[in-house]
Structure formats: C-alpha cells, structure tokens
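Working notes, structure below.
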Amino acid sequence: MKEIMKEFLQQENAIIVAVCTKKTDNIERKTDEIKRLSFSAGLNVVGQFYQIIKDYNKSTVIGSGKVAEIKEYINSCPEIIDVVIVDYPLSGSQMKNLSNEFGVKVLDRVGLIIDIFARGARSKEAKLQVKLAQDLYVLPRLSQMQGTSGRYGSAGVGMRGPGETKLELNRRVLEKEIESLKSQIEKIKQQRQSTRKERLNSSLPKIALVGYTNSGKSSLLNTLVKENIYADDKYFATLDTTSRKLFLGDNQYAIITDTVGFISDLPHQLVDAFSSTLEEAVDADLLLHVVDASLQQNIDGIKEYQLNMQITNKLLNELGATQNRIVVLNKCDKLEKPHVLQENEVLISAKTKRGLTDLVNAIKTKLDL
Ligand SMILES: Nc1nc2c(ncn2[C@@H]2O[C@H](COP(=O)(O)OP(=O)(O)OP(=O)(O)O)[C@@H](O)[C@H]2O)c(=O)[nH]1
Ligand SMILES: [Mg+2]
C-alpha cells in the first residue's frame, strides 16, 4: 500500500539532518534553510534531526547515537524514506557508511544544491554547467556511490538532470567527459564574449541584479521592465542570465541583468562551473544588491537579512566585483517596524512597487545620468 501511494504521489520522502559545528551556527536557521532547499528539490520532508558536533566522527560525521536514532526513525516511520539529507559536506566513504547504516540514499548539502540546479537548468549553457558540476561532485565519490548496492543508480534526487547516467561510467571516461564539458563551456563563453562586445558597443550602462536566493531579484526585474520572467518562492528559481533594456526616463536607458542567486556555502563545483556566467553578470557598471529585508530574525546578534548580505558580499569579493553598488532592501511591504536607511540603501517593494522612483533616481545618480 505504501508503495502504491508513493508511486501515485511520485515525491521522494526525505529526512533532514542539520549539523552545527560552530557556536555561531544557528540551528533554527540551518534547519529552515535545509528544509527550504529540500522543498526546492521537490522533496517531502517527513523528519528532521540536528546535531551539534564537538567530536567529529570520521566515518559518519554525526555520532553513532544519532545514527542509531535516525535508523530507528526510518524503520518505524509509516512512510517509506527515500533519502537522508545531511547538511554537511560528506566524503564518498562517509556517504557510503551512512547509506549502509540507513539502508537508503544519503546526500549532502552540496549534492542537494547541485540537484536543484539540475532540475532547473533550461538553456544549453546552464545544462552543460550543471553537468560539469555534477561530474566534479561525483568523480571523487564514484567508487563509493557505485558500491552502495545500487541506491544511487536509480533516478531521483541527486541523480537527475543532465548527468543522469554517469554512475555507469568509469573514472577515466568521467574525466574525459569533464574535459569535453569544459571545452564546450569555453566555446560558449567565447561566443558570449563577442555578443557582449556588441552590447558594450551599444554604450548603454550595465546594471546587474545580485543577491541571496529568494530575495526578489527576478520580481524586481519584472516590475522594472514590466515583464513576466519566472519568479517563485523557492531557492534557485533563476539559473539563466536574462538581460533587458531598462527605461530610466528622459530618453535614458540601461541594460539590466538578472542572474542566479547566492547562498551560504554555495558549492565550489557550482561556482567553478558557473564562473563565466557569474563573472559576466557581475561585470557591470553598477550592482543592485537585492536583499529580503523582511528576514528580521535575530541570529546571534545580527539580523538574518544582514547575514545574507555578508554572505553575498563575500561571494562578490571572491568573484572580483568591486564596483559601485546600491543596496536594495526589498519586501518592505512585509516589514512591521520602520527601517532606518543607511547610506547607499533604498527601501522598496517589488510587489507593491513602493520606492521604485527612489530606486530609479539612485540608479541615475550612481550612473551619472
Ligand atoms: N511580499 C513580497 N514578496 C516578494 C517581493 N518581491 C519578491 N517577492 C516574493 O519572493 C519570492 C522570491 O522572488 P524571486 O523574484 O523569485 O527571487 P529571486 O531573488 O529571483 O530568487 P532566485 O532566482 O531563486 O535566486 C517570490 O515568491 C516573490 O513573489 C516583495 O516586494 N514583497
Ligand atoms: Mg530569480
């Protein structure tokens, strides 16, 4: 009966395990974020656990007591559990050990984020980049994943998208595929650079929308250019770069670009694979750093939206983005208390359109128009 129900629903059931290693880690935020990531990967979260790690267990990361507790839950749960998501980077052997203990597939945060990207990739370039990220993720784990009694061999979370068949491959073939993907991506990059030159020649100033995932970048672009680009209440709704012409009044225009969102611990495989897209996106005259200002929860002395800003700034620095920026505090319609604006900040709502005139004026000032 359980099997019939599951086949009917076609949604995988997951258990999530939040792992805190630092005093500063906030369990609630970690749990909430891994839950949202799981939801964005189409998973049905049926159980949640957490562990604060002091003495790190080399073979399973989480302690044996916690492993036993989760195992017990899986065995007694009326639902069939398909996957356990551990919010910690796992090596191949740790994945294998945990998977053998639980009797189900085990995925870490990196694998989960790559899976969300794999589900969402639409353009040829995004698909190649995701496939490269998947291959880079699987390569050091290949033998262990193959050795886990076929648990990773089937479809489902962690196995979907452009890289579906890779577990049948041997190491050498996978390495060759990685080289081929890199050269295909490089070719597309060169093509992009020549169209970029054409765009630069058009001499319009360039603006890039950057920020934490789900902050409202695509919604803002839609509001500004009156379009209907995909925006959704889930993580990583946008994976492709979209550019539009933005009217700033008085016969003045700019090119505005929306791109993939950031998150804490964005897998380096994804940053590497998407580097050309990310670099191009942030290579603008002006950055609009979009922030979900409604995330007001206090996390160890700092508000959640400020923490997201710090994470975005760190990633921007790593990408070498140093240019002018405006901090766009979005979702002000959800704010309960008035916000005291700092220098370079604009308060808006992409939903209700509040503050848009202030934003356009700030853009014009920064661009010297
Ligand atoms: N209340 C409110 N919701 C908003 C506002 N702007 C965006 N949202 C909602 O926030 C969610 C995320 O919006 P997106 O525009 O997809 O966010 P994004 O930054 O493009 O996200 P990714 O592409 O996933 O990185 C959607 O459900 C939007 O409807 C706003 O001003 N107010
Ligand atoms: Mg988006």
Side-chain angles (χ1 to χ4, degrees), residues 32-42 109 112-123 126 129-130 207-244 246 256-267 270-271 274 277-278 280-282 287-297 304-305 307-309 311-313 315-316 319 325-339 341 345-360:
D32 187 54
E33 192 159 87
I34 198 74
K35 217 191 263 180
R36 292 198 64 134
L37 283 168
S38 303
F39 163 74
S40 303
R109 177 192 178 86
L112 182 63
I113 295 178
I114 292 177
D115 185 82
I116 300 170
F117 275 63
R119 276 165 66 95
R122 294 283 174 271
S123 72
Q129 288 170 321
V130 170
I207 303 169
L209 291 158
V210 293
Y212 212 75
T213 183
N214 211 47
S215 56
K217 300 176 293 298
S218 304
S219 305
L220 177 57
L221 180 63
N222 283 335
T223 305
L224 285 171
V225 301
K226 301 181 184 65
E227 273 221 31
N228 201 9
I229 293 152
Y230 179 54
D232 200 351
D233 191 15
K234 61 179 194 184
Y235 284 178
F236 304 115
T238 305
L239 294 178
D240 288 309
T241 312
T242 308
S243 295
R244 292 287 182 271
L246 171 67
I256 184 162
T257 303
D258 177 26
T259 189
V260 54
F262 297 160
I263 196 164
S264 64
D265 306 319
L266 191 63
L270 277 172
V271 178
F274 277 75
T277 316
L278 287 169
E280 190 197 333
V282 300
L287 298 182
L288 298 187
H289 179 169
V290 183
V291 181
D292 180 348
S294 71
L295 300 174
Q296 290 283 330
Q297 191 202 353
E304 188 172 0
Y305 81 90
L307 192 63
N308 290 353
M309 281 174 72
I311 292 161
T312 303
N313 283 331
L315 277 157
L316 285 171
L319 289 165
R325 59 191 75 168
I326 299 172
V327 175
V328 183
L329 297 169
N330 187 32
K331 309 197 190 181
C332 74
D333 55 293
K334 283 169 84 179
L335 282 183
E336 280 157 19
K337 288 189 200 141
H339 181 91
L341 284 176
E345 286 184 352
V346 182
L347 192 64
I348 68 144
S349 164
K351 192 175 170 186
T352 66
K353 301 188 167 66
R354 202 183 122 190
L356 287 191
T357 314
D358 293 345
L359 176 60
V360 170

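As the structure lists them, so they are numbered: ligands from 1, and atoms in each ligand from 1. As a basis for the values below, the full set of heavy atoms in this structure was taken, side chains included, without hydrogen atoms, waters or symmetry mates.
Annotation: side chain of Leu270 is not in contact with side chain of Val260 (no heavy-atom distance under 4.5 Å). At a threshold of 4.5 Å between non-hydrogen side-chain atoms, the residues Tyr212 and Ile263 count as touching. Using a 4.5 Å heavy-atom cutoff, the side chains of His289 and Thr312 are in contact.
Using modelled atom types, no side-chain atom of Thr223 and backbone atom of Lys353 make a donor-acceptor pair closer than 3.5 Å. Remark: the backbone N or O of Ile34 is not paired with any side-chain donor or acceptor of Arg109 at under 3.5 angstrom.
Heavy atoms only, all atoms of each residue included: Ser215 and Asn330 are closest at O-ND2, 3.0 Å. The shortest non-hydrogen separation linking Leu329 to His339 is CD1-NE2, 3.3 Å.
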Show me the donor-acceptor pairs within less than 3.5 Å that the side chains of residues 229-236 make with the rest of the protein, sequence neighbours left out.
unit_1, atom_1, unit_2, atom_2, d
Tyr230, OH, Asp232, OD2, 2.7
Asp233, OD1, Arg36, NH2, 2.9
Asp233, OD1, Asn214, ND2, 3.2

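If you look at the Mg ion (ligand 2), the protein N, O or S atoms less than 2.8 Å from it are Ser218 OG, Thr238 OG1.
Within 4.0 Å of ligand 1, heavy atoms belong to protein residues Thr213, Asn214, Ser215, Gly216, Lys217, Ser218, Ser219, Ala231, Asp232, Asp233, Lys234, Tyr235, Phe236, Ala237, Thr238, Gly261, Asn330, Lys331, Asp333, Lys334, Ser349, Ala350, Lys351.
Listed by chain and residue number, nothing satisfies the side-chain hydrogen bond (donor to acceptor under 3.5 Å, both in side chains) test with Ser40 (two or more places apart in sequence, or in another chain).
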